[in-house]
Number of protein chains: 2
Amino acid sequence: MAENENVARPDGFSGVVTMNDVAAAAGLSRTTVSKYFNGSATLKPDTREKIERACRALNYVPDLHAVSLVTGRSNLVGVVLPFIAEPFFGKVLQLMEREAAALGLQIVIQASNNDTRREAAALMALRAMKVHGIILTPIESDDNRALLASLQKEMRIVFLDSFMDENCHFVMNDNQQSIGLMVNYLLSRNVRPAYLGTPRIANPSRPERLAGYVAAMKAAGETPEVIPVAVDTPTWQFEAFAYEQLLNWCGQGGLRDSGAGGIMCTTDRMAFGAAKALRKFGRHPGKDMLLAGHDNLDICEYMDPQLTTVHQDIERISHAAMHFIQLDPAELGGRFYQQRFPGRLVIRESA
Amino acid sequence: MAENENVARPDGFSGVVTMNDVAAAAGLSRTTVSKYFNGSATLKPDTREKIERACRALNYVPDLHAVSLVTGRSNLVGVVLPFIAEPFFGKVLQLMEREAAALGLQIVIQASNNDTRREAAALMALRAMKVHGIILTPIESDDNRALLASLQKEMRIVFLDSFMDENCHFVMNDNQQSIGLMVNYLLSRNVRPAYLGTPRIANPSRPERLAGYVAAMKAAGETPEVIPVAVDTPTWQFEAFAYEQLLNWCGQGGLRDSGAGGIMCTTDRMAFGAAKALRKFGRHPGKDMLLAGHDNLDICEYMDPQLTTVHQDIERISHAAMHFIQLDPAELGGRFYQQRFPGRLVIRESA
DNA sequence: CTGAAAGCGCTTACAG
DNA sequence: CTGAAAGCGCTTACAG
């Protein structure tokens, strides 16, 4: 019951105001002050006011750790991404932070950096923090499958832009649809597009998009042509990867031999690298051939030529992820929350 | 002392394993188990092993909220940024997350989104979480100056890529030096560069860089020429902003009247927008005029022409920020931790 | 409408 | 080298 308000702490910072201090200042019990913070409707207006005055005077804020300890749940949401500096994730993070702030939730961010052990460590750390839920874009690997399966039973986990298998919650782009959209658009321009894919490390969208390309081509009666890439190179430097892979291909006469009139890339960043490689070979996307990306990063509009791409509905994807985090598991009734949002064609100059 | 290990919680998830469970399983007291987790050297090897076995068997992780409550400090580091999707911040965040993970610290991220009230709310929320420290890039505004000054007394706060005044801790690029580097390089190529600046909202680096340009020009005996921009437009869409502002200027004959042979932009993103505007006026950066950016974003290499720029030493900036967060305030002896890191010229095609 | 008491899961002197 | 006890700042039945 010591008045520690002005006691210097060992680290030299000033002490902390507790609910007891507020109660004392307001002439009430700690219980009543607690009720104030937990939205009890039964407080007299007079009482409310006393508390508010005391809080202001003492600059009081409840200790979130104490609250979490007793309620067994925190206001934290964990976000685990393979790579934070990825522009697509930056956008998603921004949208999620906005929603989280409105809900009084805080985002704890972790990067797995292509390392399944770091991914596992991040997950365990989030568990120790009793996070409200986890939004995860996993690495494309089976290493943590068992861990995730077991964690799913303890806490809310939703996969973003990816999924583990049919037995998980996920929100993502409808890759089959969005890639099909682009393939058909390119075909409608009388061009048979070759496909340039990301390395395996990317995330589980990779195989889906590749499959989407193959399916759309076949459905149109065309022969798919997948440009060979070093699929096992563990990198998130997609521009550099695409540049090198395409340089190889062009150098080996791929451009000429294939007769493809365009290249469709798994992501915009791949397309940026591809454009650079094509320039080296004297090709001009949008003029003597077509080039398309996927994702619609902001920078697309400032490339020369401006990149034609597919917009991922990140607004809805982010919203759905945050929505899931708030869901009472009981509401789901044992079903999995699984949402796919369609993409939208954005035609610019490159195709 | 109830064995709650397998008790279903109200939300349907399975119960939580506590230190008591571990102690019981290991046949030891809770105190001893606690010592194990707090690195006590006095534990018998045999005892350690019993505890480790029990932890593994029960899949136990200490509750971080309980730890924080009793120690009065959390493993959380707050990062408050004006805008998360900014590529520069994405890089910084990635570097900081990596260091944080190695230190067992978690990053809680907040965006102020150009709103000083949201900035204040973020700061207060972080305070309630007893964060280990705060890394802050503030909005360019005086609104939260008093709040920050008072918060500085309670907790570690370091300004990133910015500062409040001389009485604060900060780590940042040496704007005077880095901008001077570019101005002198452009002058060495016999080009008098005009300057294209960001809107005020950006952050406190803005006025510094502008001043750096003016100073370097004057030092070289040249007349500075600052392209007029709508400085009060509250936007982080720098490409679009630069594009529009430069379009205006060119449309009014600025390019011709000024006789400037090049444009130096406050940031790379400004340069991307400027390049697009120049193209509209038939100019080709790198050929019939020079264009330079600042920051060295990854995408610079994939623009056409590749952007000449100044590299900010974000590795050292991020490292210094995290280093400060771990510092015992006593070590500083009342002095402020203030670090400026020099930039490095990166010459590519545009200048 | 308000308050006394127990307890959340842990750490930290202190005693043995 | 190990443990019993008090306490961190809060919430939640429960009583009045």
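Residue numbers begin at 1 in each chain, while the letters A, B, ... track the order of the sequences.
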Whole-Å distance, K44(B) NZ to dT2(D) C1', equals 9 Å
Would you please name every residue forming a salt bridge (Lys or Arg N to Asp or Glu O under 4.0 Å) with D165(A), sequence neighbours left out? R145(A)
Atom CG of L43(A) and atom P of dG3(C): how far apart are they, to the nearest Å? 10 Å
ring-ring contact (aromatic ring centres under 6.0 Å, His included): which pairs involve residues 112-167 of chain A, sequence neighbours left out? F163(A)-F170(A)
What is the distance, to the nearest angstrom, from the CG atom on N20(A) to the C1' atom on dG7(D)? 12 Å
For residues 45-74 of chain A, the ring-ring contact (aromatic ring centres under 6.0 Å, His included) pairs (sequence neighbours left out) are F37(A)-Y60(A), H65(A)-H65(B)
For nucleotides 12-16 of chain D, tabulate all protein N/O to nucleotide N/O atom pairs closer than 3.5 Å, reporting atom names and distance.
none

CG of L76(A) to NZ of K130(A), rounded to nearest 0.5 Å, is 12.0 Å
Could you tell me whether the phosphate oxygens of dT2(C), OP1 or OP2, come under 4.0 Å of any side-chain nitrogen or oxygen in S29(A)? no
Roughly how far, to the nearest 0.5 Å, is the CG atom of L28(B) from the CD1 atom of I51(B)? 5.5 Å
Please report the distance, rounded to the nearest Å, between CG in L69(B) and P in dG7(C). 17 Å
With a 4.5 Å cut-off on side-chain heavy atoms, are L81(A) and E86(A) touching? no
Considering all heavy atoms, the nearest A125(B)-L64(A) contact: O-CD2, 4.3 Å
Rounded to the nearest 0.5 Å, how far apart are CZ of R30(A) and OG1 of T18(A)? 8.0 Å
Among dG9(D), dT2(C), dC10(C), the one nearest Y60(B) by side-chain distance: dC10(C)
Quick one: which of dC10(C), dT11(D), dG9(D) gets closest to the side chain of V67(A)? dT11(D)
In whole Å, I'd like the distance from the NE2 atom of H65(B) to the C1' atom of dG9(C). 11 Å
Give each stem of DNA chain D as a range with a range, requiring at least 3 consecutive Watson-Crick or G-U wobble pairs whose two distances are under 3.5 Å. C:1-3 with D:14-16, C:5-12 with D:5-12, C:14-16 with D:1-3
Rounded to whole Å, CG of D63(A) lies from C1' of dT11(D) at a distance of 13 Å
Report yes if a side-chain nitrogen or oxygen of T18(B) is closer than 4.0 Å to either non-bridging phosphate oxygen (OP1 or OP2) of dG9(C); otherwise report no. no
Atom of L327(A), atom of L332(A) and distance for their closest heavy-atom approach: CD2-CD2, 4.0 Å
dG3(D), OP1 or OP2 - any side-chain N/O from Y36(B) closer than 4.0 Å? no
Any idea which of dG3(D), dG9(D), dC10(C) is nearest the L28(B) side chain? dG3(D)
First of P45(B) and A66(B) reached from the 5' end of DNA chain D, by closest nucleotide: P45(B)
Separation of L64(A) atom CG from dC8(D) atom P, in whole Å? 19 Å
Considering just the side-chain nitrogens and oxygens of T47(A), establish if one lies under 4.0 Å of OP1 or OP2 belonging to dC1(C). no
When the distance from CE of M19(B) to P of dC10(C) is rounded to whole Å, what number comes out? 5 Å
Give every residue pair that meets the salt bridge (charged side-chain N to carboxylate O under 4.0 Å, His left out) criterion with at least one member in residues 97-112 of chain A, sequence neighbours excluded. E97(A)-R118(B)
Regarding the side chain of R30(B), the nearest nucleotide among dC10(D), dG3(D), dC10(C) is dC10(C)
